[in-house]
2 protein chains.
Amino acid sequence: MEKTKETNPHTWGECTKSILPVRDALEVLSGKWKLPIIISLMFGNKRFSQIAKEVPGITDKMLSKELRELESNDLVKRTVYDSIPVVVEYSLTEYGHSLEIVIKTLRDWGVAHRKRMMVEG
Amino acid sequence: MEKTKETNPHTWGECTKSILPVRDALEVLSGKWKLPIIISLMFGNKRFSQIAKEVPGITDKMLSKELRELESNDLVKRTVYDSIPVVVEYSLTEYGHSLEIVIKTLRDWGVAHRKRMMVEG
DNA sequence: TTTACCACTATCCTTTTGTATACTACTTAC
DNA sequence: GTAAGTAGTATACAAAAGGATAGTGGTAAA
């Protein structure tokens, strides 16, 4: 057999480092619920119970947890209105909207992938 | 408080559907090991034990499992050379290389995210 | 004959992730 | 007083992902 291409350790080192930010990006979209929550908020600001209704199957616990995570990543803003009863509004930050291009890239690849996997079975 | 923007059910329906391909794309990169394996193979074809060496911490079991998954998604090609001892070479398919743009998009966002989280964090 | 390399597989265990269900605290409407 | 709506939390459990360790079957070198 042919000799396989040697790995260049330097390049690989650089590369390993460059994996970390990719992981970060994957992490903010990871899990079962973050994507639908983010997309729900891309269509407008929502209250807790509104999101719960729009994201089918999610429990309060998961919604609460995911929103806290998204908030800690600056992607979602939580605004409390001290009306009665108290109302909490969630909105995507401008930064959160910067995920749109990322999601679009993923979707484009995913659409092509679906087609490919269908024809080949 | 202001009235929050109403959700348009049609748009949301369309949108829900469009989540599926995004999930597909996330799935092919999901888990702890697929990304480093793919990136390792972007630098050239490798044998099983070579990848195991280059991806620090991975066990044979996980490597085997992930390679099978990548192969079933057409991203990686497995070639057996019946030399003695038998040698198996893994390579990224052309399709596998199409992930480069996706990974680049994720990395760019991730780099910006790291910076942002550092100054504020 | 023991060791080592090749490419795995099998079993068991821990950790992480997500689910189910009930509960808190407050106010208004019936 | 009881239900319903606001926004959650607490506890216990199930499922999925991943890790540790050992074993398979072949060759070949020491």
Evaluate the side-chain proximity of Val28(A) to Lys34(A): yes if any heavy-atom separation is below 4.5 Å, no if none is. no

Point-to-point distance, once rounded to the nearest 0.5 Å, from CG of Leu92(A) to NZ of Lys46(A): 9.5 Å

Residues of residues 61-72 of chain B with a heavy atom under 4.0 Å from any atom of DNA chain C, listed by number, are Lys61(B), Ser64(B), Arg68(B)

Please state whether the phosphate of dC8(C), meaning OP1 or OP2, lies under 4.0 angstrom from any side-chain nitrogen or oxygen of Arg47(B). no

Just by distance, with hydrogens left out, do Arg68(B) and Ser72(B) show a side-chain donor and acceptor under 3.5 Å apart? no

Identified side chain to side chain contact (heavy atoms under 4.5 Å, CB included) partner of Trp109(B) from the options Thr105(A), Val22(A), Val102(A), Leu26(A): Val102(A)

Classify Gly57(B) by what it touches in the nucleic acid, base, sugar-phosphate, or nothing, heavy-atom distance under 4.0 Å. nothing

I want to check something: taking the side chain as every heavy atom from C-beta on, are Lys104(A) and Asp108(A) in contact at a cut-off of under 4.5 Å? yes

Do Phe48(A) and Val88(A) make a side-chain contact, defined as non-hydrogen atoms from C-beta onward lying under 4.5 Å apart? no

Here's a test of your reading of the structure: between Ile58(A) and Pro85(A), which maps to the more 5' nucleotide of DNA chain C? Ile58(A)

Of the non-hydrogen atoms in Asn73(A) and Met117(B), which two are nearest, and what is the gap between them? O-CE, 3.4 Å

Where do Val87(A) and Arg47(A) come nearest, in terms of heavy atoms and distance? CG1-CD, 3.3 Å

Tell me, please, the opening and closing nucleotides of DNA chain D, 5' to 3', among those with an atom under 4.0 angstrom from a non-hydrogen atom of chain B. dG18(D) to dA28(D)

How far apart are the closest heavy atoms of Ala25(B) and Leu106(A), and which atoms are they? CB-O, 3.3 Å

Hey, which of these two, Lys53(A) or Trp33(B), hits DNA chain D nearer its 5' end, going by closest nucleotide? Lys53(A)

For His113(A) and Tyr95(B), take the angle between the two ring planes, folded into 0 to 90°, and tell me which bin it lands in: parallel under 30, tilted 30 to 60, perpendicular over 60. parallel

With the side chain counted from C-beta on, respond yes when Leu63(A) and Trp33(A) share a heavy-atom pair under 4.5 Å apart, and no when they do not. no

For the pair made of CG in Asp60(B) and P in dT11(C), what is the distance, rounded to whole Å? 17 Å

Quantify the bending of the helix from dT1(C)-dA30(D) to dC30(C)-dG1(D) as the angle between its end axes, each fitted on five pairs, to 10°. 30°

